[in-house]
Peer 1: 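Let me begin by handing over the structure; questions about it come next.
Here, residue 1 is the first one in the sequence, and each next residue gets the next number.
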Amino acid sequence: MPSDTLVQQLAFLREIDRLKSVTRQSPLLDCSRKENSAEHSWHLAMYGLLLREHASSGVNSERVIKMLLIHDIVEVDVGDTPLHGGASQPMQAELEHKAACRLFGLLPEPQSSEFLKLWHEFEEGDSEDARFAKALDRVQPLIANVLTGGGTWTDGRVDLFQVLERYGPTIRRGSPVLWSACEAMVCEHFARNRPPSRADSA
């Protein structure tokens with residue numbers, strides 16, 4: 001018979017399989033469909049593994065990768081909240097906290113407390129590890145939007161100023177180097193895809 005610890009761990013792993021069914025707004029780079037939250041988390045973990053040298057200060061890459069793998073698990077219960085969606089932040093935060101308590105509560109101790117603590121650390125964004133993790137969580141969809149000709153920016157009619165405002169502070173705080181590269185990509189994208197003016201049609 002499996003131990004109680006193993007039973008709880010397997011139950012958690014079974015429950016988070018549902019993350020594969022949570023559709024995000026960001027498209028795959030080939031534009032064949034939108035990515036799901038499990039794919040997003042995996043891709044972010046790879047960002048954390050490969051880009052750690054660009055963090056604004058020294059980070060623990062193992063902790064960063066753990067945060068990136070678990071930060072969206074709450075979406076099993078609450079779904080994805082688009083950056084450009086305009087949902088009520090206090091209400092969303094409360095729903096996500098309840099989801100985190102339920103889902104990580106499926107795990108045995110000390111894993112349950114460890115995962116919940118890491119999730120809260122990511123959400124609060126005060127530690128160096130969390131700042132870098134949150135920066136990467138902005139970088140990945142930004143790059144996806146640039147490489148797909150606008151992606152969620154086009155769908156949501158988001159302009160250059162809004163992109164700089166919504167992505168810039170979070171990315172810059174975790175990695176000025178990454179923000180410099182991202183800002184250049186964003187400005188080039190909007191310069192190339194700006195709507196025609198009256199002067200252009202005259």
Peer 1: State whether Glu121 and Lys134 are salt-bridged, where the test is any N-O pair (Lys NZ or Arg NE/NH1/NH2 against Asp/Glu carboxylate O) under 4.0 Å.
Peer 2: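 Answer for the salt bridge query: no.
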
Peer 1: Main chain of His54, side chain of Ser175: is a donor-acceptor contact present, judged purely on distance under 3.5 Å?
Peer 2: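 Pair found, side chain donor or acceptor close to backbone of His54.
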
Peer 1: So, the side chain of Gln9 versus the backbone of Leu13: is there a donor-acceptor pair under 3.5 Å, distance only?
Peer 2: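 It does not hold such a pair.
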
Peer 1: Looking at Arg157, I want to see if its CZ is surrounded by more than 12 non-hydrogen atoms of other residues, nucleotides or ligands under 6.0 Å.
Peer 2: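 Open: at most 12 neighbouring heavy atoms sit under 6.0 Å from CZ of Arg157.
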
Peer 1: Would Trp179 and Tyr167 count as a close aromatic pair, with their ring centres under 6.0 Å?
Peer 2: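 Ring centres of Tyr167 and Trp179 not closer than 6.0 Å.
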
Peer 1: Donor-acceptor check, side chain of Glu96 to backbone of Ala93, threshold 3.5 angstrom: yes or no?
Peer 2: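 No: the side chain of Glu96 does not pair with the backbone of Ala93.
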
Peer 1: Could you walk me through whether Asp137 and Tyr47 pass side-chain contact (heavy atoms from CB on, under 4.5 Å), step by step?
Peer 2: CA-CA 9 Å; Asp137 192 34; Tyr47 272 65; over 6 Å; no

Peer 1: Does Arg172 reach the main-chain N or O of Ala135 with its side chain, forming a donor-acceptor pair under 3.5 Å?
Peer 2: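 Not a single qualifying donor-acceptor pair exists.
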
Peer 1: Just do the side-chain contact (heavy atoms from CB on, under 4.5 Å) check on Leu103 and Phe115 with the steps written out, would you?
Peer 2: CA-CA 10 Å; Leu103 290 158; Phe115 279 32; over 6 Å; no

Peer 1: One thing to verify: whether Glu39 and Arg24 come together as a salt bridge, which I'm taking to mean a side-chain N less than 4.0 angstrom from a carboxylate O.
Peer 2: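 Salt bridge flag = no for Glu39 with Arg24.
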
Peer 1: Return the orientation label for the His120 and His97 ring planes: parallel under 30°, perpendicular over 60°, tilted otherwise.
Peer 2: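 Because their plane-to-plane angle lies in the 30° to 60° range, the rings of His120 and His97 count as tilted.
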
Peer 1: For His40 together with His71, are the ring centres under 6.0 Å from each other?
Peer 2: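 His71 vs His40: aromatic centres under 6.0 Å.
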
Peer 1: Determine, using the 4.5 Å side-chain heavy-atom cutoff (strictly less than), whether Val177 and Leu49 are members of one ILVMFWY cluster.
Peer 2: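 Unlinked, Val177 and Leu49 end up in two clusters.
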
Peer 1: So does Glu128 pair up with Arg131, basic N to acidic O under 4.0 Å?
Peer 2: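 Salt bridge flag = yes for Arg131 with Glu128.
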
Peer 1: Taking a hydrophobic cluster as the set of Ile, Leu, Val, Met, Phe, Trp and Tyr residues connected by side-chain heavy atoms closer than 4.5 Å, whether directly or through intermediates, do Leu29 and Trp153 fall within one such cluster?
Peer 2: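 Result: yes, single cluster for both.
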
Peer 1: Counting only N and O atoms by type, is there a donor-acceptor contact under 3.5 Å from the side chain of Asn145 to the main-chain atoms of Thr152?
Peer 2: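 Flag set: sc Asn145 to bb Thr152 pair under 3.5 Å.
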
Peer 1: For side-chain contact (heavy atoms from CB on, under 4.5 Å), just list the numbers for Gln92 and Val78, CA-CA rounded to whole Å, side-chain angles, deciding distance to a tenth of an Å, and then say yes or no.
Peer 2: CA-CA 8 Å; Gln92 187 66 23; Val78 301; 3.9 Å; yes

Peer 1: Look only at the side chain of Arg173 and the backbone of Thr170, and say whether a donor-acceptor pair between them is shorter than 3.5 Å.
Peer 2: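 Answer holds: no.
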
Peer 1: Hey, are Asp129 and Ser127 close enough side-chain-wise for a donor-acceptor pair under 3.5 Å?
Peer 2: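 Short answer, no.
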
Peer 1: Flag yes if more than 12 heavy atoms outside Asp4 fall under 6.0 Å of its CG atom; otherwise flag no.
Peer 2: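 No, the 6.0 Å shell around CG holds no more than 12 heavy atoms from other groups.
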
Peer 1: Tell me whether Thr148 contacts the main-chain N or O of Ala144 through its side chain, where contact means a donor paired with an acceptor under 3.5 Å.
Peer 2: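 Between the backbone of Ala144 and the side chain of Thr148 there is a qualifying donor-acceptor contact (under 3.5 Å).
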
Peer 1: Is the CZ atom of Arg14 crowded by more than 12 outside heavy atoms at less than 6.0 Å?
Peer 2: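 No, because the 6.0 Å sphere around CZ of Arg14 holds 12 heavy atoms or fewer from other groups.
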
Peer 1: Under 3.5 Å, is there a donor-acceptor pair linking the side chains of Ser41 and Asp72?
Peer 2: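 No, Asp72 and Ser41 have no side-chain donor paired with an acceptor closer than 3.5 Å.
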
Peer 1: Would Arg102 and Asp77 count as a side-chain contact (heavy atoms from CB on, under 4.5 Å) here? Give the steps.
Peer 2: CA-CA 9 Å; Arg102 184 189 81 79; Asp77 284 358; 2.8 Å; yes

Peer 1: For Glu114, look at atom CD and say whether over 12 heavy atoms of other residues, nucleotides or ligands are found less than 6.0 Å away.
Peer 2: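 Counting neighbours around CD of Glu114, more than 12 heavy atoms of other residues, nucleotides or ligands fall under 6.0 Å, so yes.
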
